[in-house]
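This report concerns only the one structure given below.
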Amino acid sequence: MTNEPPPTLWKMPELLNNLNPEQHAAVTLPNEPALILAGAGSGKTRVLITRIAWLIQQGLASPATILAVTFTNKAAREMMARLQALLPIDTRGMWIGTFHGLCNRMLRAHHRDAGLPATFQILDTADQLSAIKRLMKGLNIDDEKYPAKNLQYFINNAKEQGLRPKDVDATDNFNRKFVELYEAYDQQCQREGVVDFPELLLRCFELLAHNPPLRAHYQARFRHILVDEFQDTNKLQYAWLKMLAGQTNSIFAVGDDDQSIYAFRGANVGNMRDFEQEFNVRHLIKLEQNYRSHGHILDAANQLIANNSRRLGKNLRTDAGHGEPVRVYEATTDTQEAGWIVEEIKALISTGTSRSEVAVLYRSNAQSRTIEHTLVNAGIAYRVYGGLRFFERQEIKHALAYLRLIDNPNDDTAFSRVVNFPTRGIGARSIEQLADAARLYNCSMAAAIPYVAGKAGSSLAGFANLIGKMRAETQQMSLPETVEYVVRASGLSEFYQTEREGQDRLENLQELVNAAAAFVSEEGYGLDTPARSIPLRPGATTAPELVSATDDPNTVVLDAPNFTDPAQNPDTMTPLAGFLSHASLEAGDNQAQAGQEAVQLMTVHAAKGLEFTAVFITGLEEGLFPHENSAMETDGLEEERRLMYVAITRAKERLYLSFAQSRMLHGQTRYNIRSRFFDELPQETLKWLTPKVEAGARWGGRSDNAGYGRDWFARPGYTGPSSSTPVSLPAFANEQRAAESGFRVGQQVFHTKFGEGTITALEGGGTDAKAQVKFKRHGEKWLALAVAKLQAVE
DNA sequence: AAAAAGCTACTTTTT
DNA sequence: GTAGCTTTTT
């Protein structure tokens with residue numbers, strides 16, 4: 001990492017090389033509001049990164065003037081790493097991070113103005129729920145009538161709309177109660193010095209809104225605001241961006257309305273339209289050149305998404321050629337579907353596809369079980385996304401709770417979590433007494449300990465002493481030392497040593513120490529930097545002083561404008577606060593099993609942003625995908641369709657779609673019909689591996705599908721794994737000719753003499769084209785297409 | 001305080 | 001079908 005920027009060494013053509021005209025246009029736009037509609041696989045991240053590099057290279061921006069916002073830490077890290085590799089300067093002068101990460105950073109720097117203690121803690125979703133439960137218990141609220149989960153949703157929703165309790169207009173008694181509890185909850189958080197996720201954003205927004213000099217400072221600084229995944233922003237995030245943009249700064253927003261799949265958690269696609277209007281966007285650039293998928297896959301995606309209304313409009317194209325057809329399989333049961341998937345995966349592997357390049361996608365997590373089971377039996381390594389994450393494990397949360405108490409003893413969530421873990425004779429009754437006292441004196445539980453008398457009081461005092469001792473002993477320790485000390489002094493390590501199945505947990509605790517060491521090194525702290533003081537950067541003579549705007553209304557001293565000197569870019573938090581924030585804001589990997597060479601199993605949501613050589617989209621049934629619950633929501637079906645669009649566009653070369661006639665769901669067998677999405681795909685791109693049965697014929701005249709549960713190779717019309725044949729498939733050649741003739745395998749046809757039937761095979765081309773048709777009443781026959789007057793039934 | 005039994009929910013999820 | 005939670009039992 002050099003701190004001397006040598007701009008003359010940068011080679012301009014290299015940066016813009018290999019960009020297509022649209023990408024080039026986007027990267028080199030003037031500093032004005034711009035909306036980049038970036039289709040799936042269109043090189044969105046590349047444009048974003050090159051844009052930043054270009055701005056700096058051209059001298060149009062200094063790193064300190066850049067603010068780039070992403071949704072996930074992963075995306076932020078990737079952006080940071082790629083920029084660091086691209087630019088010969090220290091990229092730390094830029095603010096690149098998630099909305100929450102950046103707001104945290106700002107709130108730490110201005111905690112006084114924001115009305116927060118320097119050591120405020122961040123509640124993750126689980127912490128927040130337990131805080132709410134504790135609140136309701138204290139107020140004797142009936143959890144049956146007012147479920148804590150609903151209140152949590154209510155509060156988060158209000159905050160994401162920018163509404164404080166006083167701003168919510170409650171229409172009925174029920175909502176009035178919720179507003180009342182919202183108010184009490186906010187007071188509790190304030191007293192404890194904790195903030196939940198939406199609070200980070202709202203508090204930061206209000207900080208800027210209510211503090212003109214501070215707002216002016218940041219507006220003057222962040223001349224270039226770039227936003228990734230703009231379609232996923234919620235109302236509050238949009239308002240925050242708008243505030244930072246002010247009248248003078250430009251926002252470079254990148255997004256794809258067709259990939260908006262998070263409306264259910266507050267994402268507002270409408271922000272794209274609003275942005276266009278409110279910012280008078282003159283530069284709307286569509287990135288429609290796709291570098292990921294073959295033609296048939298893209299055609300399928302394009303035609304499907306065309307069924308949605310109110311799109312900003314976009315059509316992906318590729319130079320890659322048609323490629324393989326999209327293969328479709330109808331299974332009798334979910335088990336059989338899994339069996340087919342595994343056979344196809346085996347075939348893919350045998351033709352050289354890497355396991356990790358194969359993904360099995362499903363709409364809901366419950367569907368993974370059957371597939372996992374079948375994969376295990378077949379001895380194929382796999383990896384499921386979406387399990388418990390590292391920082392969410394109970395032993396880790398326990399250890400973090402001790403660390404939090406050292407930093408902020410008023411954090412009652414942390415206090416309640418470990419006051420009696422490991423057990424130290426402080427039972428439910430003692431804790432209730434303490435909670436009562438805390439309520440009486442309107443203070444935290446830790447502060448209420450002296451008010452509890454008797455035996456309960458003395459055991460509680462013992463706990464207070466323990467925390468006090470930890471605080472004193474760790475005063476000068478580095479972060480990893482602190483973590484190691486706390487794990488031992490809390491009794492956690494001893495507890496898990498004696499526990500029968502504590503070995504894994506013990507290892508995780510050791511891993512936490514490693515994580516702390518890794519954090520210290522990644523943040524560039526010295527190894528012995530005390531965990532609980534704001535560190536001195538190399539070269540700095542005094543600790544950075546954060547002068548708040550209220551101390552002197554005319555001065556806001558933050559980080560100095562000379563961004564290239566790390567000493568001038570002060571930290572805004574202690575290593576411990578940073579680490580605790582990191583633990584809350586980035587819960588870690590959520591991969592159940594490690595191992596690179598494994599088939600990837602995940603929900604469609606989790607697959608967003610990823611790509612695979614071969615993709616299976618499973619469970620394509622009405623009620624499941626599209627999900628039945630989506631029918632109740634406004635635009636629910638359109639979001640399901642976007643979800644399907646996301647799923648399809650994950651595939652590079654091969655796409656498989658499957659559904660099952662019956663499926664185990666919630667402990668009982670359900671009978672489903674195939675997803676409507678099949679009818680929205682271009683039929684000429686589909687290759688039915690099982691006969692396509694028309695909706696009308698489903699419950700009549702079929703005698704084939706019963707009794708094949710075990711032997712999926714015996715499915716009618718199914719001729720074995722499609723990949724076992726070489727890539728230049730004869731079958732596919734047939735498909736081409738079939739497309740010419742207007743017919744395809746699996747298609748329902750009508751013959752004036754033989755009646756209704758299904759095409760089971762096609763042969764030859766042009767005038768020699770023949771079709772094998774299985775008629776309902778007259779058996780299978782070969783017919784010359786030039787002679788027989790076959791009519792498509794569709 | 002730990003273990004066992006009973007009850008209930010159940011789409012998607014990052015921060 | 002089953003995980004997670006609460007209640008009951010030891």
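From a predicted model like this one, the values you see are computed outputs, not experimental measurements. All values below were derived from every heavy atom in this structure, side-chain atoms included, with hydrogens, water molecules and symmetry-related copies excluded. Just so we're on the same page: letters track the sequence lines, and every chain starts at 1.
In summary, contact between chain A and DNA chain C, defined as any nucleotide atom under 4.0 Å from a heavy atom of the protein, begins and ends at dG1(C) to dT2(C) in the 5' to 3' direction.
Between Gln367(A) atom CD and dT12(B) atom C1' there is a gap of 11 Å when expressed in whole angstrom units.
By the 30° and 60° cut-offs, the orientation of the rings of His605(A) relative to Phe264(A) is perpendicular. The aromatic rings of Tyr218(A) and Phe222(A) lie parallel to each other, with less than 30° between the two planes, well short of the 60° mark.
The closest side-chain heavy-atom distance from Arg663(A) to Gln367(A) is below 4.5 Å.
Taking atom P on both nucleotides, dG4(C) is separated from dT13(B) by 15 Å, rounded to a whole Å.
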Below 3.5 Å is the cut-off: list the nitrogen or oxygen pairs between protein and nucleotides 4-11 of chain B, distance only.
| from | atom 1 | to | atom 2 | distance (Å) |
| --- | --- | --- | --- | --- |
| dT11(B) | O4' | His627(A) | NE2 | 3.2 |
| dT11(B) | O2 | Arg363(A) | NH1 | 2.8 |
| dT11(B) | O2 | Arg363(A) | NH2 | 2.4 |
| dT11(B) | O4 | Glu633(A) | OE2 | 2.5 |

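Take Asn150(A) and apply the side-chain contact (heavy atoms from CB on, under 4.5 Å) test, not counting sequence neighbours, and it matches Pro147(A), Phe178(A). Here Phe616(A) pairs with Trp340(A), Tyr656(A) under the ring pair (Phe, Tyr, Trp, His ring centres under 6.0 Å) rule; sequence neighbours left out. A search for ring pair (Phe, Tyr, Trp, His ring centres under 6.0 Å) contacts involving Tyr182(A) returns nothing, not counting sequence neighbours.
Side-chain atoms of Asn271(A) and Thr233(A) include a donor-acceptor pair closer than 3.5 Å.
Remark: the backbone N or O of Gly193(A) is paired with a side-chain donor or acceptor of Asn408(A) at under 3.5 angstrom.
Secondary-structure annotation of DNA chain B gives the stems B:1-10 with C:1-10, with a stem taken as at least 3 successive Watson-Crick or G-U pairs whose two distances both fall under 3.5 Å.
A centroid separation of 6.0 Å or more is found between the aromatic rings of His111(A) and Phe120(A).
Asp124(A) comes within 4.0 angstrom of no nucleic acid atom, judged by non-hydrogen atoms across all strands. Within the nucleic acid shown, Phe71(A) comes within 4.0 Å of sugar-phosphate atoms alone, with no base atom in reach, counting heavy atoms only. Residue-level contact check: Tyr262(A) touches the backbone only, with heavy atoms under 4.0 Å from sugar-phosphate atoms and none from bases.
A salt bridge is defined here as a Lys NZ or Arg NE, NH1 or NH2 lying under 4.0 Å from an Asp or Glu carboxylate O, and Glu192(A) with Arg134(A) meets this definition.
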